Amino acid sequence: MNIKQLLSDRTLAAFTVLGLPEGTNPAVTQSTRPEFGEYQINGAMGAAKLLKTNPRELAGKLLELLELSDIAEKAEIAGPGFINVSLKADWLAQQLKHAAGDKRLGVSINPQPKTVVVDYSAPNLAKEMHVGHLRSTIIGDAVVRTLEFWGDKVIRQNHMGDWGTQFGMLIAHLEDKLAAGIDLEQVALADLEDFYREAKKRFDDEAGFADKSRDYVVKLQSGDSHCQKLWQLFIDTSIKHSDEVYQKLNVTLKHADIKPESAYNSMLHGIVDDLKQQKLAVESMGALVVFLSELADKDGNPSPFIVQKTGGGFLYSTTDLAACQYRSHELAADRIIIFTDARQALHFKQVELVSRKAGYLRDSTAYDHCPFGTMMGEDGKPFKTRTGGTVKLVDLLEEAVVRANTVLQDKATDLTAGEIAEIANKVGIGAVKFADLSKNRTSDYIFSWDAMLSFEGATAPYLQYAYTRVRSILRKADVAENFQADIVLQSVHEKQLAVKLLRLEETLQMVIKDAQPNVLCNYLYELASLYMSFYEACPILKDGIEPELRSSRLMLSILASRVLQQGLDLLGIEVMERM
RNA sequence: GCGCCCGUAGCUCAGCUGGAUAGAGCAACGCCCUUCUAAGGCGUGGGUCAUAGGUUCGAAUCCUAUCGGGCGCGCCA
């Protein structure tokens, strides 16, 4: 059920009769104020501009043509030409009953499934995942889950960074340790962070080490088996780390979703040769470059996009072109979505332009780079810890669970230690995820332990708490799995809750269109909030409640719990029966 | 220098294709647990939507300029 869509369709039909062009915007929105009903149709005013008539008169004509008597108890013109629609309580009740009897909660299924490739997480394998990897990983995962729920075929691609210059440095450092007689078992690969720092220090300070590192990269990339063996050690360790994080985070990425940079190695020569042949790439200052006039500056200097370094090495630009070709042609993607931070915006614009020109991206493949801002510290400056490093993601998650545990020990009286541990895990991780997912900002965002680990207000625990309250009532009422009853919407609380419950599909459509799960976060918070008000104002199991009213409110509760659970599941956040 | 993103309450942020009186949470201050879980509910205070112009019936939203912040601009990813 998508009420907005229904109203839009009917408005468009009326527009056609009025002789308006096909693309005219019906501008159906949720009403901003309760006295304006639940929905408002604002399209008459825009249409009047096109027809050069009086907007209020046109709204009148539109209203006459609109057939709304089945769903609305009132539809009236207000102000310069708004049409305010108040929906019938029993029509809403009927829609709710249908949703309650449906596994998909009344959300329709995609009539034309698309193949969508989603590139997310993509950690750098030379280091452990830090808080900066959180956004890409969980936003991507939420979008992936939502697309799958809607019915698209989703192909996850974890474009892990396993092929860059830094691996030469790591291998060189490891090689020296081995040569010094240190046993491989004893080399502290487990703490990759430390190992990386040692290597980096030598790279910066030690004469000759940088050159040695570069040699190792070349050897590695040209297939030297000894190098590849050492390299594999780093990769295995790294993947083990990221697997741990994914599991803790309740993220759906699996081994099979890993398609690292190295996987494209064999395609790179072909890509570069092809670009030369197509005369897109030309030699410039020793390197091979594609010049993009589309991105020229004021003086007409085209934007350079280097695809091969002086000396023949490839770059991440080359790899990303190969990835484009693979995804668009071999995976037959209708849409490619890439989640990275905004600093790479220019790069991906260039990748798309070159790929379109060279034919690596089919015309029918949409290419969406979805950027997000860089992480800042609480002082508003680029984020660093006191020691100048980064916060490991594992540490943040562990801290969240510890804090949740403390709160639970305080509040929960009748839970066993085992239950508390399980709940603390869901609450702590949920809080971290929701704090990040609920932000829309494409601009920079501020990393704060306290904000990440807050359990009060608009947070995951609030939603989880609302869920446990509903479940508690349903347990007490001892309702059957397939409980069905008529719904009556009397109070404003009940009606508002009802309308919100019916907006799930609208919400999911928005999430999919713009790849922004924060819309779903807002929706679920509002839903939980309305349920909390309903809970306080509308007693269910207390004395003196009529049986019909009791059943009706139970129905609303059941539906609310299911929508909350489903919505949170799409965000990768778990619920529990008690907390 | 050029380009991209951003500037909304003390703080963190919503605000969907331009819509009516700009909303939440935190913090502050009141009230509500012998009644379905108080991680909750109800209420109060708090705003030149960075600034100045423009477009129009209507602008936080679109355009231009200025100021402020972040980032990116040839061989790292």
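Remember, it's a predicted structure, so these values are computed and weren't measured experimentally.
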Asker: Polar pairs (N or O, both sides) under 3.5 Å between protein and nucleotides 35-38 of chain B?
Answerer:
from  : atom 1 : to       : atom 2 : distance (Å)
B:U35 : O2     : A:Lys542 : NZ     : 3.3
B:C36 : O3'    : A:Lys476 : NZ     : 3.0
B:C36 : O2     : A:Leu541 : N      : 3.2
B:C36 : N3     : A:Ile540 : N      : 3.3
B:C36 : N4     : A:Tyr535 : O      : 2.2
B:U37 : OP1    : A:Ser472 : OG     : 2.8
B:U37 : OP2    : A:Ser472 : OG     : 3.2
B:U37 : OP2    : A:Lys476 : NZ     : 2.7
B:U37 : O2'    : A:Tyr465 : OH     : 2.2
B:U37 : O2'    : A:Arg469 : NE     : 3.2
B:U37 : N3     : A:Met579 : O      : 3.1
B:U37 : O4     : A:Met579 : N      : 3.3
B:A38 : OP2    : A:Arg469 : NH2    : 2.3

Asker: A:Leu463 has an atom CG; how far is it from atom C1' of B:G40, in whole Å?
Answerer: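 After rounding, the reported distance stands at 13 Å.
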
Asker: Map A:Phe455 and A:Pro304 onto RNA chain B by nearest heavy atom, then report which one ends up closer to the 5' terminus.
Answerer: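 Between the two, 5'-proximity favours A:Phe455.
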
Asker: With sugar-phosphate meaning primed atoms plus P, OP1 and OP2, does A:Tyr316 contact a base, only sugar-phosphate, or nothing at under 4.0 Å between heavy atoms?
Answerer: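 Base, at least one base atom sits under 4.0 Å.
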
Asker: From the options A:Thr53, A:Leu63, A:Ile77, A:Leu50, select the one residue that forms a side chain to side chain contact (heavy atoms under 4.5 Å, CB included) with A:Leu58.
Answerer: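 When side chain to side chain contact (heavy atoms under 4.5 Å, CB included) is applied between A:Leu58 and each of A:Thr53, A:Leu63, A:Ile77, A:Leu50, only A:Thr53 qualifies.
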
Asker: Going by purine N1 to pyrimidine N3 plus the second Watson-Crick contact, or the G-U wobble pair, all under 3.5 Å, which nucleotide sits opposite B:C42?
Answerer: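 The answer is B:G30, by the H-bond criterion.
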
Asker: OH of A:Tyr462 versus P of B:G40: gap in Å, rounded?
Answerer: 7 Å

Asker: Work out which heavy atom in A:Val351 is nearest to a heavy atom in A:Leu321; give both atom names and the distance.
Answerer: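 For A:Val351 and A:Leu321, the tightest heavy-atom pair comes out as O-CD2, 3.8 Å.
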
Asker: With no hydrogens and no angle check, just 3.5 Å: does a side-chain donor-acceptor pair link A:Glu574 and A:Asn425?
Answerer: no

Asker: If you assign A:His493 and A:Thr459 each to the RNA chain B nucleotide with the nearest heavy atom, which residue ends up on the more 5' nucleotide?
Answerer: A:Thr459

Asker: Say you pick atom C1' in B:G30 and the same atom in B:G68; how far apart are they, in whole Å?
Answerer: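 It works out to 39 Å between them.
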
Asker: Do the two ring centres, one from A:Tyr531 and one from A:Phe534, sit under 6.0 Å apart?
Answerer: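 Between A:Phe534 and A:Tyr531, which both carry aromatic rings, the centre distance is below 6.0 Å.
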
Asker: Does the structure show a Watson-Crick or G-U wobble partner for B:A52, both distances under 3.5 Å? Name it, or say none.
Answerer: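 Pair assignment: B:A52 / B:U64.
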
Asker: Using whole Å, report how far CG of A:Leu408 lies from C1' of B:A39.
Answerer: 9 Å

Asker: Expressed in whole Å, how much space separates the C1' atoms belonging to B:U37 and B:C33?
Answerer: 11 Å

Asker: Rounded to whole angstrom units, what separation is found between the CD1 atom of A:Ile306 and the P atom of B:C73?
Answerer: 11 Å

Asker: Is NZ or CZ of A:Arg135 both nearer than 6.0 Å to the six-membered ring centre of A:Phe339 and within 45° of the ring axis?
Answerer: no

Asker: Any base atoms under 4.0 Å from A:Thr310, or only sugar-phosphate, or nothing? Heavy atoms, all strands.
Answerer: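 Base, at least one base heavy atom under 4.0 Å.
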
Asker: Suppose you measure atom C1' in B:A24 against the same atom in B:G43; what distance do you get, rounded to whole Å?
Answerer: 16 Å

Asker: Under a 3.5 Å limit for both distances, which nucleotide forms a Watson-Crick or G-U wobble pair with B:A59, could you say?
Answerer: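 Its partner is none (no Watson-Crick or G-U wobble pair with both distances under 3.5 Å).
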
Asker: Would you say the side-chain atoms of A:Ser284 pair up with the backbone N or O of A:Ala287, donor to acceptor, closer than 3.5 Å?
Answerer: no

Asker: May I ask you to evaluate whether A:Lys381 reaches the phosphate of B:G69, defined as a side-chain N or O under 4.0 Å from OP1 or OP2?
Answerer: no

Asker: If we take the P atom in both B:A59 and B:C16, what is their distance in whole Å?
Answerer: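 It comes out at 16 Å once rounded to the nearest Å.
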
Asker: Output a table of donor-acceptor pairs, distance under 3.5 Å, between side-chain atoms of residues 504-515 of chain A and any protein atom two or more places apart or on a different chain; print 'none' if there are none.
Answerer:
from     : atom 1 : to       : atom 2 : distance (Å)
A:Glu505 : OE1    : A:Met1   : N      : 3.2
A:Glu505 : OE1    : A:Ser108 : N      : 2.9
A:Glu505 : OE1    : A:Ser108 : OG     : 3.2
A:Glu505 : OE2    : A:Ser108 : OG     : 2.8
A:Glu506 : OE2    : A:Tyr39  : OH     : 2.4
A:Thr507 : OG1    : A:Arg503 : O      : 2.8

Asker: Are the side chains of A:Asn158 and A:Asp119 in contact, using a 4.5 Å heavy-atom criterion?
Answerer: no

Asker: Are A:Lys349 and A:Phe305 in a cation-pi contact, defined as NZ or CZ under 6.0 Å from the six-membered ring centre and within 45° of the axis?
Answerer: no

Asker: Who does B:C4 pair with, Watson-Crick or G-U, both distances under 3.5 Å?
Answerer: B:G70

Asker: Can you tell me the distance, in whole Å, between the CG atom of A:Leu315 and the C1' atom of B:C73?
Answerer: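 Atom CG in A:Leu315 sits about 15 Å away from atom C1' in B:C73.
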
Asker: By the 4.0 Å heavy-atom rule, please label A:Met376 as base, sugar-phosphate, or nothing.
Answerer: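 If one applies the 4.0 Å heavy-atom cut-off, A:Met376 turns out to touch the sugar-phosphate alone, with no base involved.
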
Asker: Given the C1' atoms of B:C36 and B:G25, what is the spacing between them in whole Å?
Answerer: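 So the two C1' atoms sit 26 Å from each other.
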
Asker: Do nucleotides 8-22 of chain B as a string where each nucleotide becomes B, S or -: B if the base has a protein heavy atom under 4.0 Å, S if just the sugar-phosphate does, - if no protein is that close.
Answerer: B---SSSSBB-BBB-

Asker: Indicate whether OP1 or OP2 belonging to B:G74 is found under 4.0 Å from a side-chain N or O atom of A:Ser284.
Answerer: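 Result: no.
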
Asker: For B:C42, does the O4'-C1'-N9-C4 or O4'-C1'-N1-C2 angle fall within 90° of 0, making it syn, or is it anti?
Answerer: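 That one's anti.
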
Asker: If the C1' atom of B:G3 is compared with that of B:U48, how far apart are they to the nearest Å?
Answerer: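 It works out to 31 Å between them.
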
Asker: What is the pairing partner of B:G18, taking Watson-Crick or G-U wobble pairs with both distances under 3.5 Å in any strand?
Answerer: none

Asker: If I take atom CZ in residue A:Phe314 and atom P in nucleotide B:C75, what distance separates them, rounded to the nearest angstrom?
Answerer: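 That distance rounds to 18 Å.
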
Asker: In whole angstrom, give the distance that lies between atom CZ of A:Phe348 and atom P of B:A77.
Answerer: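 That distance rounds to 13 Å.
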
Asker: Given A:Leu125, which partner from the list A:Trp163, A:Phe167, A:Trp231 fulfils the side chain to side chain contact (heavy atoms under 4.5 Å, CB included) test?
Answerer: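 So the option named by the test is A:Phe167.
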
Asker: From CD of A:Gln350 over to C1' of B:C75, roughly how many Å is that when rounded to an integer?
Answerer: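 Taking CD of A:Gln350 and C1' of B:C75, I get 13 Å after rounding.
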
Asker: For A:Arg550 versus A:Ile545, what's the shortest heavy-atom pair and its separation?
Answerer: N-CG2, 3.8 Å

Asker: Determine the contact category for A:Ala342: base if any of its heavy atoms lies under 4.0 Å from a base atom, sugar-phosphate if only primed atoms, P, OP1 or OP2 are that close, otherwise nothing.
Answerer: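 Answer is nothing: A:Ala342 stays at 4.0 Å or more from every strand.
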
Asker: For B:G25, what is the paired nucleotide under Watson-Crick or G-U wobble rules, both distances under 3.5 Å?
Answerer: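 Partner of B:G25: B:C11.
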
Asker: When you compare B:G15 with B:C76, how far apart are their P atoms, in angstrom units rounded to a whole number?
Answerer: 39 Å

Asker: Between A:His159 and A:Tyr120, is the gap from one ring center to the other below 6.0 Å?
Answerer: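 No, the ring of A:His159 stays outside the 6.0 Å limit from the ring of A:Tyr120, centre to centre.
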
Asker: Between B:G47 and B:U35, how far apart are the P atoms? Round to whole Å, please.
Answerer: 39 Å

